[in-house]
Each structure stands twice: as structure tokens, then as C-alpha cells.
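Working notes, structure below.
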Amino acid sequence: MAESRQFTEERVWQILHQIPKGQIATYGQIAKLAGIPRHSRLIGQILSGLPPDTKLPWHRVINSQGRITNPAKDRQQLRLEEEGVTLINGRVSLKVYGWDAS
DNA sequence: TGTTTGACGGACA
DNA sequence: CTGTCCGCCAAAC
């Protein structure tokens, strides 16, 4: 039986929870870790469904270019800088903060 | 069942 | 560096 959407969501949530503080993951990276390569857009859709008061570190997810594409980019940037991730010209250095998934 | 949408990714000018 | 274009694909419509 194909994986229901909820099953995928749960895996994504778990992965999200594993991103170390002060580090960053990309949508494509998460999709891959969740076992669904090329579904980066689905990750975004799932994140958009998170409750605004979630404890999950949704702010540690940006696109492959180190750029924030989240509608609430201001809040995301604020949260990132609060944990030591500095944006330079609206960009995050994946070289420096990129999460090297195990 | 066909079409549109989108918190993406990568190639290219 | 920026803007554009195209491939991808589940969800929403």
C-alpha cells in the first residue's frame, strides 16, 4: 500500500526535529531523507500546514540557494539569527551552516 | 479526469 | 550577480 500523505508528513516532522540547532537543511535534502527524492515542493507544502505555534524548527529549512522562500521570511530570519545563523545579503551560507545529514 | 498551483532545483543567458 | 525558463510531482481545484 502506497504511503499515505500523513505517513510522509510524520517522517518529515521527525527529520525536521533532527536538524541541529544553528544548522540548515534544504527542501530537497529533506525530501531525499524522507525517501521521496524530487519532492522538494511537497516539503514546502507540508511545512505550510504546520501550526503557527509548533515547536518544530521549520525555520531551519531554506532552498538550495541558501535563500528564504518562506512567506513569513522576516520571522524566519529572526529565528535563525537568534540561534547564530547569520544571513549575508539575504542569504545563508550552506557551506557554513549546511546540515551534514548522517 | 484535466488543469492549475507552488515555502523547489538546476541550468542558462 | 539577477532574471528566466524548464523539469519535476503531489495536492488542490
Side-chain angles (χ1 to χ4, degrees):
Chain A
M1 142 100 187
E3 3 209 3
S4 66
R5 180 195 172 131
Q6 172 146 52
F7 191 78
T8 300
E9 284 184 346
E10 287 178 20
R11 275 194 312 213
V12 171
W13 295 336
Q14 184 181 2
I15 291 168
L16 252 189
H17 197 261
Q18 292 173 42
I19 304 176
K21 185 177 183 180
Q23 294 198 358
I24 296 304
T26 67
Y27 296 93
Q29 180 180 11
I30 292 177
K32 185 180 174 188
L33 289 173
I36 50 174
R38 293 184 294 299
H39 286 59
S40 49
R41 297 184 109 127
L42 183 57
I43 304 303
Q45 186 186 21
I46 291 173
L47 291 193
S48 71
L50 289 173
D53 62 334
T54 181
K55 303 296 184 285
L56 292 172
W58 54 269
H59 53 280
R60 297 182 194 152
V61 184
I62 70 265
N63 70 14
S64 66
Q65 301 159 69
R67 203 175 283 287
I68 294 176
T69 42
N70 182 330
K73 55 181 180 182
D74 294 322
R75 214 176 24 194
Q76 176 164 16
Q77 175 169 353
L78 192 60
R79 287 202 176 202
L80 286 178
E81 305 205 316
E82 280 178 337
E83 44 184 77
V85 177
T86 304
L87 281 81
I88 300 176
N89 295 325
R91 280 256 222 76
V92 170
S93 170
L94 290 173
K95 273 297 199 185
V96 177
Y97 306 104
W99 177 35
D100 225 332
S102 35

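In this text, all values refer to a predicted model and were calculated from it rather than measured experimentally. Numbered from 1 within each chain, the chains take letters A, B, ... in sequence-line order.
A:L42 comes within 4.0 angstrom of sugar-phosphate atoms only, judged by non-hydrogen atoms across all strands, and of no base. If you check every strand for non-hydrogen atoms under 4.0 Å, A:S64 touches sugar and phosphate atoms only.
Positionally, the nearest nucleotide of DNA chain C for A:S40 lies more toward the 5' end than for the other of A:Q45 and A:S40.
Annotation: A:R75, atom CZ; neighbour count of heavy atoms from other residues, nucleotides and ligands within 6.0 Å does not exceed 12. At most 12 heavy atoms of other shown residues, nucleotides or ligands fall within 6.0 angstrom of atom CD in A:Q14.
Judged by distance alone, the side chain of A:Q76 and the main-chain N or O of A:V61 form a donor-acceptor pair under 3.5 Å. For A:N63 (side chain) and A:Q65 (main-chain N/O), a donor-acceptor pair under 3.5 Å exists by modelled atom type. Between the side chain of A:H39 and the backbone N or O of A:P37 there is at least one donor-acceptor pair closer than 3.5 Å.
Atom CD of A:Q6 and atom P of C:dA10 are 18 Å apart (whole Å). A:I43 places its CD1 atom 14 Å from the P atom of C:dC9, with the value rounded to the nearest Å. Atom pair A:H39:NE2 and C:dC9:P shows a separation of 6 Å (rounding to whole Å applied).
Of the side-chain N and O atoms in A:R38, one or more sit less than 4.0 angstrom from OP1 or OP2 of C:dC9.
Ion pairing between a basic and an acidic side chain is recognised when a charged N comes within 4.0 Å of a carboxylate O; A:R79 and A:E83 show no such pairing.
Smallest separation of non-hydrogen atoms from A:V12 and A:A34: CG2-CB, 4.3 Å. Between A:G22 and A:Y97, the shortest heavy-atom distance links the atoms O-CD2, 3.5 Å.
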Below 3.5 Å between N/O atoms, which protein atoms pair up with nucleotides 1-6 of chain C? Just atom names and distances, please.
{"from": "C:dC1", "atom 1": "OP2", "to": "A:R91", "atom 2": "NH2", "distance (Å)": "2.6"}

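With a cutoff of under 4.0 Å to any heavy atom of chain A, the contacted region of DNA chain B is bounded 5' to 3' by B:dG6 to B:dG10.
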